[in-house]
Amino acid sequence: MTDASAQREKIILASVMAANANPGWLTSDRVEALTGGHGMLNIPVVAACNVIAAELRRGVSPEVKFADAVRQPIDDLLAKSIAVAKAAGADGANAALIAATLLYLCGANAQVGIPAGNRKLGSSARMIAGVSRSGLAAVPTAKMNNKISGFAAVAAVYDAMMKGELSPIQGRDIPEGVGGGVMVGHGALGEDFIFPGMAEKGAAIGTKAMMDAMSGAGMPSQKFLSALFGAAAILEIIHPDADVAEEYGPYGKVTSAFVAGRSAARTAGLPEKVHVRITGREVETARLIGDLGLILKDIGGPTVIGIMALDEIISVFEEGICGAGAGPVNPPLGHVCGDAVIALMCLLQDGSTEQSVARALRDRRLGFSFDPETAMMAMNIVARKATQICNGPVTEALIMSSTPMVTKALHARAARSYDDLMAGRSVGEIVRAMDEERQLLVEARGSEFLSKAKGTNIKVHFTKIGKGARRSSKMAARWLAFDPALDAEVTVGDETIHMEGIINAVIPEVAQGIGKERAPFLTALAPIASELLLAGNVIMNVTIPAVVAAAMGKLSASDAANEAQSAGLISAGIPGTKAKAEAAALVAVESMRL
């Protein structure tokens, strides 16, 4: 090896090691804040997954038993999961919701027993977390720009109830002394008429009310949350453990919660069955919605970010009924926890190892993501931050899965940056070229994915990506994410149109009924636009060229970081880029001095 080639390898190695020394230096997201639960609860979710995987793999049972005992193994599982979620910043109710939902997905039953010894997973989690009961009316949905509360479902159900339109039987018509006890509760009137009738009608009313309220708040009518809140609203009222008529299923196997879940899921238009990603495990949607509705109505008062975490946990299902973190589009890092839940489900399969799960996760991302490198970088950053709270088999699998791709991606960019700088190109030119190539990659993979999913030819190319579309502030002029100016050429089927001012003009017009024929084209480009606009959260295209330039002595660490950040239109989409690139560059410079 010549002195020149040895020096090249030393600079590349120093640059890669420096950039990756702190996972926060490769993202403009505030991932340190996430470890305290500020902004999102994905770190508590990953930490809880670690605890649950470790405990279940050593043989602890997640079963909620109908036992004459004060404490059973599920209580210890809940206590440990809730404790680690709290340590990562989740408050009591959010920690209880995370723990109960994850354990439910791992096989814990949502309810068992009537009456003494009766246990509900949600109630147990709430009591162990030490939080008070809260009505569903006070529980918010996840934020979809705006958010609403379960009040919409509760109000609609109570309105129908007071009008005498909810129950098929009016209480005033029941003979005195008969109602309220075993003759109704375990008899034909309750089990065959009142409970299933109210469950079916109430869940439909509540679900529709949630969808209508979301629409009225300028939000998309999110099907999963609408069904979940709709089911929970009626389960607050009816006997939630009651067996029902055998037309709904085998006696002793189907309760009013299932009936509510089925009605809510059908009203929302959810698929009848959903499947866990990678494992393919099939889950009946009616049971999922009914059981989660039962958990939600008992869990206490989770906050917006608690429901957002729930939303991301349920992204474990390949039908994509909610959440974004496990899908093909890379969301901000605060939403990334879907892969951890998938890893948890995979690790519980017989014969699984961290290595086999790591390979399965990587293969899925390589074949599924619009931008696999960014997806694996995001996975790696979140997993490494989560180990600060709790290490375990889930983070082990995530890190083993993502590190090879992270190493490859960083090395390739460092080698390219070195060679381009030696050839006389500037840091800004290198960053812009990397961003332009990423744009073309996302457009090509995204168009291919959407074409297969929609069964028609879809092609998207952005002819303009710029800043400050409608505002003149310094923030809008500097950062892409705050006021993006997008123009695009979009093909759907055999028709191609060109749209200018997509975010600042076209979307507001179409939403107000002007030129609605453009709606399918906006729908086609939206996922690809989201991928590009959210790419500012992973900044390797900015950090690596800046670090290499500083390590080579071409620019000071500060000047290299400033030039890279200024040139990184896509990869520096939100604030926080320059300081992190500079910190990594300073480490590389020090490495070269030793």
List the steps and the verdict of side-chain contact (heavy atoms from CB on, under 4.5 Å) for Val382 and Cys337.
-> CA-CA 8 Å; Val382 170; Cys337 62; 5.9 Å; no
Gln222 versus Cys322, closest heavy-atom pair with distance = NE2-CB, 3.0 Å
Does the pair Glu32/Lys385 count as a salt bridge with the N-to-O cut at 4.0 Å?
-> yes
With Glu437 as reference, evaluate Arg432, Arg413, Arg416 under the salt bridge (Lys or Arg N to Asp or Glu O under 4.0 Å) test and give the passing residue.
-> Arg416
Test item: Phe482 and Pro575 side chains (from C-beta on) under 4.5 Å apart, heavy atoms = yes
Identify the two heavy atoms, one from Asp371 and one from Asn330, that lie closest to each other, and give their separation to 0.1 Å.
-> O-ND2, 3.4 Å
Heavy-atom nearest pair, Arg365 first then Ala326, reads NH2-CA, 3.6 Å
Can we say Glu563 and Lys554 salt-bridge, meaning some charged N sits less than 4.0 Å from an Asp/Glu carboxylate O?
-> no
Flag the pair Lys452 and Glu448 as a salt bridge only when some basic side-chain nitrogen lies within less than 4.0 angstrom of an acidic carboxylate oxygen.
-> yes
Is Glu531 paired with Arg445 through a side-chain N to carboxylate O contact shorter than 4.0 Å?
-> no
If you take all heavy atoms of Thr395 and Ala386, which pair is closest and at what distance?
-> CG2-CB, 4.0 Å
Roughly how far, to the nearest 0.5 Å, is CG of Leu450 from CG of Asn457?
-> 11.0 Å
